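Keep in mind that the numbers below use all heavy atoms, side chains included, and drop hydrogens, waters and symmetry copies. Both ligands and their constituent atoms are indexed starting at 1 by order of listing. Just so we're clear, the structure is a prediction, and the values are computed from it rather than from any experiment.
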Amino acid sequence: MERINLLILSDDLDLRIEIKNLVNDEDFAISGYSGFSPEGKTKIVNKFPEVVLCAIRGDVPESVFAFVQDLLTAARGTIVVLANDSISVELVNKAAQYGIRKVLPIDGIGCDEFSSQIATVYKLEQQRVLDTNEGKKVRCKALGFFGGKGGTGKTTLAIGVAAQLAKAGKRVMLLDLDLQFGDVAMALDIDTKNSIVDLVQDRGGITIENINGFAVEHSTGMSVLCAPKSSEFAEFVTAAHVERIIDIMRPYYEYIIIDLPASFSDTTITACENCEEIFLIYNNEILSLRNARVCYSILEQLHQREKIRFVLNKFEKGLVKTEDFEEMFQTKMFATVPADYAAALSSINRGLAVTVAHPKSAISKGISDIADKIIEAHTGVVPIKEKETKRKPFFKK
Ligand SMILES: Nc1ncnc2c1ncn2[C@@H]1O[C@H](COP(=O)(O)OP(=O)(O)OP(=O)(O)O)[C@@H](O)[C@H]1O
Ligand SMILES: [Mg+2]
């Protein structure tokens with residue numbers, strides 16, 4: 001089992017050492033120490049400990065309860081445990097009121113007992129989160145757009161599908177996780193200073209308020225959280241951040257559309273693990289076919305195979321046939337989007353989703369079919385197609 005990340009919080013330096021000796025290092029990795037100060041809070045928020053262990057001898061002051069309350073809002077998902085030398089029923093009740101999961105004695109308890117009590121609280125909490133997330137997942141779908149080859153159309157399709165879902169009245173977040181070379185902002189003509197890096201570095205932590213603050217409300221109706229403007233900032237975003245961001249977004253969106261880079265980085269793998277479906281975007285040429293096979297087998301090793309949906313983009317007759325793909329992977333193609341270079345290029349130049357710039361084009365039809373299939377699979381309702389209204393000619397012949 002992975003060790004539980006624990007941070008010890010006490011203003012008393014001797015007590016910090018006493019507590020450290022009560023925690024075994026088989027189950028716990030101590031990620032740091034700090035006091036009940038604003039700096040302490042920032043440290044905790046940045047370190048994302050799984051458990052914060054507050055230790056106090058004597059009466060627990062009101063300020064400590066206020067600190068814990070504040071902390072739990074900023075560092076969601078962190079569990080707080082209190083160690084005290086004069087436990088009373090009043091203290092236990094008050095601690096519970098403020099969200100402290102357990103009150104433990106400091107004296108007369110061995111290292112094994114002390115550690116095992118914290119580990120049990122942690123496991124129970126994990127189970128509870130898992131259960132509630134299962135519920136959330138029914139309502140929210142996180143969908144990754146991926147492929148191991150550059151330029152196959154991941155971004156174009158992620159943007160188009162997100163815009164179509166928003167047009168259908170769904171609450172959509174478009175998350176650009178191509179952290180080094182993300183170009184969603186450019187493709188949608190979004191001029192923002194803020195990106196996912198500002199979110200993960202913010203002192204307030206990854207909260208829905210901060211996500212809303214750093215994301216952009218786009219004219220299509222969707223929210224967009226952009227990748228950093230410059231590639232050197234990519235390393236500030238970790239896999240743990242990605243998991244947390246997706247998890248916190250879930251209750252607020254029906255669809256989280258994730259644009260991914262053409263590589264298996266830690267953040268990409270975590271995003272895939274946290275998605276319900278992974279759209280593998282390929283083109284019908286031989287190099288793409290080879291690459292699809294490699295990606296498929298890596299995702300299979302990562303136990304993500306069931307989530308894969310193949311999309312053949314820039315489809316042109318005369319190249320590798322759809323049936324060849326299907327035979328190779330023993331699975332049906334989820335969708336085929338035709339090549340339409342004029343529409344794709346002009347929409348990029350105008351800073352619009354192709355489905356907005358050229359709604360009647362072949363590529364937009366392909367994208368809108370994908371969005372319809374996603375809605376149908378999620379809700380069981382087949383979206384009603386907009387009727388094609390032909391303009392009447394001015395003059396009768
Ligand atoms: N169906 C299509 N028909 C014609 N051109 C397309 C189609 N889909 C995407 N394109 C064009 O292909 C180019 C690459 O598209 P896009 O940026 O979406 O690919 P990507 O897979 O996200 O690339 P990267 O791996 O660099 O992130 C763009 O110029 C885009 O306009
Ligand atoms: Mg891209």
Side-chain angles (χ1 to χ4, degrees), residues 143-164 174-190 195-196 220 222 224-231 234 237 242 257-265 267-268 271-272 275 278-285 287-292 294-295 298-299 308-320 322 325 333-371:
L143 310 171
F145 283 69
F146 182 59
K149 212 168 173 307
T152 55
K154 299 176 285 297
T155 303
T156 306
L157 298 196
I159 290 177
V161 168
Q164 278 303 111
L174 176 59
L175 179 56
D176 191 350
L177 283 187
D178 186 350
L179 298 169
Q180 279 195 304
F181 303 111
D183 45 14
V184 166
M186 208 180 68
L188 286 175
D189 197 20
I190 294 172
S195 76
I196 187 166
T220 45
M222 61 181 162
V224 185
L225 186 57
C226 300
K229 272 191 179 163
S230 179
S231 59
V237 183
V242 167
I257 305 294
I258 308 177
D259 185 22
L260 293 164
S263 62
F264 277 101
S265 60
T267 47
T268 302
C272 288
C275 279
I278 304 164
F279 292 87
L280 280 191
I281 316 299
Y282 283 94
N283 306 143
N284 60 331
E285 40 96 6
L287 290 180
S288 221
L289 188 68
R290 266 187 52 195
N291 191 279
V294 176
C295 273
I298 295 175
L299 286 169
I308 297 175
R309 313 280 178 265
F310 282 105
V311 175
L312 205 47
N313 185 31
K314 303 189 192 179
F315 181 78
E316 282 182 275
K317 283 200 179 115
L319 300 175
V320 182
T322 317
F325 254 82
M333 196 63 59
F334 183 84
T336 303
V337 180
D340 192 337
Y341 295 98
L345 187 68
S346 117
S347 65
I348 292 269
N349 289 342
R350 292 168 61 192
L352 293 170
V354 66
T355 49
V356 174
H358 300 282
K360 302 267 163 65
S361 63
I363 177 172
S364 294
K365 186 173 173 313
I367 291 173
S368 123
D369 283 348
I370 297 177

Quiz prompt | Number of protein N, O or S atoms [distance to the Mg ion (ligand 2) under 2.8 Å] | solution = 1
Quiz item: Looking only at heavy atoms, what is the nearest atom pair of Val354 and Ile363, with distance?
Solution: CG2-CG2, 3.7 Å
Quiz item: Do Leu280 and Leu299 touch side chain to side chain, with heavy atoms closer than 4.5 Å?
Solution: yes
Exercise. Quick one, list the residues around ligand 1 where some non-hydrogen atom comes in under 4.0 Å, by chain and residue number.
Key: Gly150, Gly151, Thr152, Gly153, Lys154, Thr155, Thr156, Asp178, Asn313, Lys314, Pro338, Ala339, Asp340, Tyr341, Ala344, Ile348, Ile363
Quiz item: Taking all atoms of both residues into account, what is the closest heavy-atom pair of Gln164 and Ala371, and its distance?
Solution: CB-CB, 3.6 Å
Quiz prompt | Minimum heavy-atom distance Ser263-Thr268, with the two atoms named | solution = O-OG1, 3.3 Å
Quiz item: So do Phe279 and Leu157 actually touch side chain to side chain, heavy atoms under 4.5 Å?
Solution: no
Donor-acceptor contacts, no H, no angles, side chain residues 143-154, under 3.5 Å, sequence neighbours left out:
{"residue": "Thr152", "atom": "OG1", "partner": "Ile281", "partner atom": "O", "Å": "3.2"}
{"residue": "Lys154", "atom": "NZ", "partner": "Lys149", "partner atom": "O", "Å": "2.8"}

Give the table of side-chain donor-acceptor pairs shorter than 3.5 Å for residues 333-340, with sequence neighbours excluded, one pair per line with atom names and distance.
{"residue": "Asp340", "atom": "OD1", "partner": "Ala343", "partner atom": "N", "Å": "3.4"}
{"residue": "Asp340", "atom": "OD2", "partner": "Ala362", "partner atom": "N", "Å": "3.3"}

Quiz prompt | Heavy-atom pair with the smallest gap, counting every atom of Leu179 and Asp176 | solution = CD2-O, 4.2 Å
Quiz item: If you look at every heavy atom in Gly182 and Ala227, which pair is closest and at what distance?
Solution: CA-CB, 3.9 Å
